[in-house]
Amino acid sequence: MVQATGLTVLGATGSVGVSTLDVVARNPGRFEIVALTAHSDHEGLLAQCREHRPRYAVLVKDAAADQLEAALRREGLDTSVLRGEQALADVAAMPETDVIMAAIVGAAGLLPSLAAARAGKRILLANKEALVMSGAFFMQAVADSGGEIVPIDSEHNAIFQSLGGQRACRDRGVRRIILTASGGPLRERPAREFARVTPAEACNHPNWDMGAKISVDSATLMNKGLEVIEACWLFDVSPDQVEVVVHPQSLVHSMVEFEDGSVMAELGHADMRTPIAYGLGFPQRIESGLPPLDFCGLPPLTFEPVDTDKFPCLALGIRAARDGGRMPAVLNAANEVAVALFLDGAIGFDEIPGLIEATLANFEPGSDADIEAVLATDRRARELAKSAAQARKRRPA
Ligand code: NAD
Ligand code: MG
């Protein structure tokens with residue numbers, strides 16, 4: 001029997017976290033859960049502690065950590081509760097952790113994911129925002145520590161698989177990377193109706209069941225903009241080598257085209273358990289819980305160009321990728337603010353791109369010197385995005 005892999009799941013109670021633990025449960029004896037983390041959902045984390053018996057459970061919020069601690073004591077479970085942001089980074093870097101699933105949403109995932117990178121861990125990277133914000137520092141930390149990244153975002157996982165389980169593209173005859181996009185829930189909705197789109201409609205993705213933030217990103221197509229930036233860092237390619245094509249069935253998860261005209265693609269169900277199982281088992285294949293693909297029962301696979309006039313967030317993402325430096329971090333911060341305001345009902349769906357563009361206009365593309373400077377850029381961009389939203393509210397319609 002091989003030794004169990006020590007696994008820490010950051011963002012265990014979220015959509016990717018829950019799918020990760022589902023795959024773990026299907027592979028008994030293969031993983032030992034070192035730590036599970038969440039922001040404040042103590043009940044969700046308690047249920048996961050009962051089933052997976054982690055050594056540590058981390059909650060960012062103190063009051064939630066107190067509740068979890070009391071409940072674990074009542075039930076006689078010996079999981080230790082840690083609290084606060086620093087504890088996220090601590091469990092990501094501790095020696096018992098061999099592999100981390102980085103599945104916190106947004107910029108909050110940066111420091112814990114970076115701690116794992118510095119500690120030389122194998123990082124199963126779902127938290128694309130960390131890479132978008134600080135790609136240069138993140139990739140350098142992985143290279144310096146001898147760590148490893150296995151992409152979990154389905155497109156990047158498909159590219160990784162199409163490259164034969166490697167990230168390197170250089171000198172391997174790669175002509176271009178083709179990211180597929182479902183087009184999101186508003187693909188067929190006319191742009192003139194975007195002012196009326198509700199958070200529930202924007203989150204109602206036709207193919208994927210995901211957390212609220214990435215669901216809105218999929219509706220604006222900012223998700224694809226972030227993914228272009230993510231692809232540039234992961235595979236060391238320029239934005240001009242990355243193309244986006246709409247593929248509404250979400251069966252082809254992305255493709256790599258080579259100089260000789262060969263195109264390698266990965267196909268499968270639109271279910272994150274496949275890329276998650278790939279990452280957890282890598283380089284072996286393990287059970288994910290998904291049934292075989294019934295090829296004769298599949299809908300026709302179709303491809304169409306993206307309408308960036310209708311979805312300007314994708315164009316903003318590509319522009320930030322080309323500008324480089326701090327612009328992707330600004331883009332990410334402004335987008336997180338805009339999405340949160342939209343989910344709170346404070347701005348319309350149609351106002352999201354304008355708010356991000358207005359924030360980007362305050363910055364020059366030079367590079368930040370270190371991670372502290374990246375975090376300062378992130379904070380400044382958030383403030384500017386919030387004031388831009390306030391200013392719009394005050395302006396008469
Ligand atoms: P989610 O909202 O469902 O879950 C987020 C998790 O992070 C939760 O466990 C939550 O407790 C935790 N969290 C939230 N804010 C936090 C904070 N400030 N500090 C610490 N923990 C915090 O999100 P998700 O859909 O699972 O997405 C997670 C990441 O994976 C995102 O970066 C997303 O872009 C990426 N991703 C998700 C999917 C998907 O299918 N859901 C697919 C590809 C990539
Ligand atoms: Mg994706």
Side-chain angles (χ1 to χ4, degrees), residues 8-22 35-45 47-48 57-62 64-65 68 82-92 100-113 115 123-133 151-160 179-184 203 205 207-218 221-231 234 244 247 250 252-254 266 269-276 279 317 332 335-336 339-340 343 378:
T8 282
V9 184
L10 302 174
T13 56
S15 162
V16 171
V18 167
S19 293
T20 301
L21 292 176
D22 181 278
L36 298 177
T37 86
H39 181 258
S40 44
D41 178 7
H42 58 91
E43 286 172 350
L45 204 54
Q48 294 182 336
V58 183
L59 282 161
V60 175
K61 290 285 163 201
D62 254 337
L68 179 64
L82 306 175
R83 58 193 70 213
E85 282 172 13
Q86 181 56 42
L88 299 171
D90 293 345
V91 294
I100 72 149
M101 170 57 77
I104 291 175
V105 61
L110 173 58
L111 291 179
S113 303
I123 301 166
L124 312 184
L125 188 72
N127 176 216
K128 66 191 88 184
E129 296 92 344
L131 207 51
V132 168
M133 287 174 74
I152 297 300
D153 208 352
S154 60
E155 295 76 3
H156 306 74
N157 185 269
I159 295 161
F160 188 79
L179 291 178
T180 52
S182 68
C203 290
H205 199 280
N207 306 339
W208 299 92
D209 182 10
M210 311 182 285
K213 192 263 178 182
I214 183 175
S215 295
V216 177
D217 287 349
S218 300
L221 260 67
M222 178 55 90
N223 184 46
K224 220 43 63 177
L226 299 176
E227 289 183 355
V228 169
I229 301 167
E230 184 185 12
L234 286 173
V244 178
H247 166 52
S250 294
V252 177
H253 298 145
S254 278
E266 184 264 340
H269 293 283
D271 190 311
M272 286 304 289
R273 287 177 299 171
T274 295
I276 289 168
N332 180 67
N335 181 55
E336 286 192 29
V339 170
L343 287 171
D378 174 75

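Note that ligands are numbered from 1 as they come in the structure, with each ligand's atoms numbered from 1 the same way.
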**Study point:** Least distance between heavy atoms, V9 atom then G17 atom
**Key:**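 Heavy-atom minimum between the residues: CG1-CA, 4.1 Å.
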So which heavy atom on I152 is nearest to which on G279, and how close?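 Looking at all heavy atoms of both residues, the shortest contact is CD1-CA, 4.0 Å.
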Original post:
Would a distance-only check, ignoring hydrogens and angles, find a side-chain to backbone donor-acceptor pair under 3.5 Å from H205 to S218?
Top reply: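 Not at all, since once roles are kept as given, no pair shorter than 3.5 Å links the two residues.
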Checking the side chain of E336 only, and the main-chain atoms of A107 only, is there a donor and an acceptor separated by less than 3.5 Å?
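At least one qualifying donor-acceptor pair exists.
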4.5 Å side-chain heavy-atom contact, [X] and [Y]:
{"X": "L179", "Y": "S254", "result": "yes"}
{"X": "S250", "Y": "W208", "result": "yes"}
{"X": "M272", "Y": "S15", "result": "no"}
{"X": "I159", "Y": "P151", "result": "no"}
{"X": "I214", "Y": "N223", "result": "yes"}

Note on the Mg ion (ligand 2): protein N/O/S atoms within less than 2.8 Å are D153 OD1, E155 OE1, E227 OE2
Subject >> Protein residues that have a heavy atom under 4.0 Å from any atom of ligand 1, sorted by chain and number >> reply: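 Within the 4.0 Å shell of ligand 1, which is judged on heavy atoms, sit G11, A12, T13, G14, S15, V16, A38, H39, V60, L88, A103, I104, V105, A108, A126, N127, K128, E129, D153, M210, G211, I214, M272.
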